[in-house]
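Here's the structure, in structure tokens; my notes come after.
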Amino acid sequence: PRTMPPLRRLLQPLSSAARSMDSAAGAPEGRRGPTEPERRIVEAHEQACRDGQDNYMDPDTGYLVFTKLAHLQRGKCCGCGCRHCPYGQVNVKDPAKKKQFNSFFYT
């Protein structure tokens, strides 16, 4: 059976995303920081991951969103164009579903 990496190692990229999100607020001209809705998404995702949850409720839409942890447990990209895909959305075939990565998550 496959073993999961320790939670601390999985969450390290999330902590660096939060730091870069804070530094993006004073970003050089031409590079914007996160919008308020994006900031709420990052915060909700990080809290859910810290709590070991597989999903969280989007703070603006109320939709249930899979966390990075849920995707890592799956072990591969599902091809659905998920917001927190840690696999770079490699299996997304439909260009209309492929998302842009905004330094924090796919939008």
Side-chain angles (χ1 to χ4, degrees):
R2 194 179 75 219
T3 60
M4 289 297 298
L7 184 60
R8 177 180 290 155
R9 194 168 83 210
L10 294 174
L11 294 178
Q12 282 174 342
L14 297 174
S15 299
S16 63
R19 282 192 299 278
S20 66
M21 183 172 62
D22 290 337
S23 66
E29 193 172 324
R31 182 169 176 224
R32 68 168 183 87
T35 63
E36 189 55 36
E38 290 170 339
R39 188 176 285 276
R40 286 192 298 269
I41 288 170
V42 171
E43 290 170 0
H45 180 246
E46 287 184 339
Q47 184 62 51
C49 288
R50 277 193 298 273
D51 294 345
Q53 297 176 344
D54 288 339
N55 54 55
Y56 67 95
M57 188 174 294
D58 181 290
D60 292 326
T61 66
Y63 291 140
L64 203 58
V65 180
F66 285 120
T67 63
K68 179 180 178 180
L69 297 176
H71 294 294
L72 290 170
Q73 289 174 1
R74 180 182 296 123
K76 64 180 182 176
C77 175
C78 66
C80 293
C82 299
R83 178 182 287 173
H84 300 292
C85 180
Y87 305 106
Q89 297 188 347
V90 297
N91 292 329
V92 178
K93 304 295 184 221
D94 182 354
K97 286 186 177 182
K98 195 125 183 151
K99 310 274 190 336
Q100 292 287 330
F101 191 71
N102 70 1
S103 298
F104 309 109
F105 54 87
Y106 289 93
T107 59

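Atoms considered below: every heavy atom in the structure, side chains included; atoms not considered: hydrogens, waters and symmetry mates.
- Taking the six-membered ring where tryptophan is involved, the planes of H45 and H84 are essentially parallel, since the angle between them stays under 30° and well short of 60°.
- Put simply, the side chain of D51 never gets that close to the backbone of Q53: no donor and acceptor are under 3.5 Å apart.
- Side chains of P59 and I41 form a contact here, defined as non-hydrogen atoms less than 4.5 Å apart.
- Between atom CG of residue L72 and atom OG1 of residue T67 there is a gap of 8.0 Å, rounded to the nearest 0.5 Å.
- By the criterion of side-chain heavy atoms lying less than 4.5 angstrom apart, applied directly or through intervening Ile, Leu, Val, Met, Phe, Trp or Tyr residues, V42 is grouped together with V65 in one hydrophobic cluster.
- Closest of all the heavy-atom pairs between K99 and C80 is NZ-O, 4.5 Å.
- The shortest non-hydrogen separation linking M57 to L64 is N-CD1, 4.3 Å.
- Closest approach of R39 and P34 over heavy atoms only: NH2-CG, 4.0 Å.
- Going from atom CG of N91 over to atom NZ of K97 covers 12.0 Å, rounded to the nearest 0.5 Å.
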Audit row: Y56, Q47, side chain to side chain contact (heavy atoms under 4.5 Å, CB included) steps and yes/no
CA-CA 9 Å; Y56 67 95; Q47 184 62 51; over 6 Å; no
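- Closest heavy-atom contact between C49 and L69: O-CD1, 3.4 Å.
- Remark: side-chain polar atoms of K98 are paired, donor with acceptor, to backbone N or O of Q89 under 3.5 angstrom.
- Taking both residues in full, the closest heavy atoms of C77 and Y87 are given as N-CD1, 3.5 Å, listed atom of the first, atom of the second, then distance.
- Atom CZ of F105 has more than 12 neighbouring heavy atoms from other residues, nucleotides or ligands inside a 6.0 Å radius.
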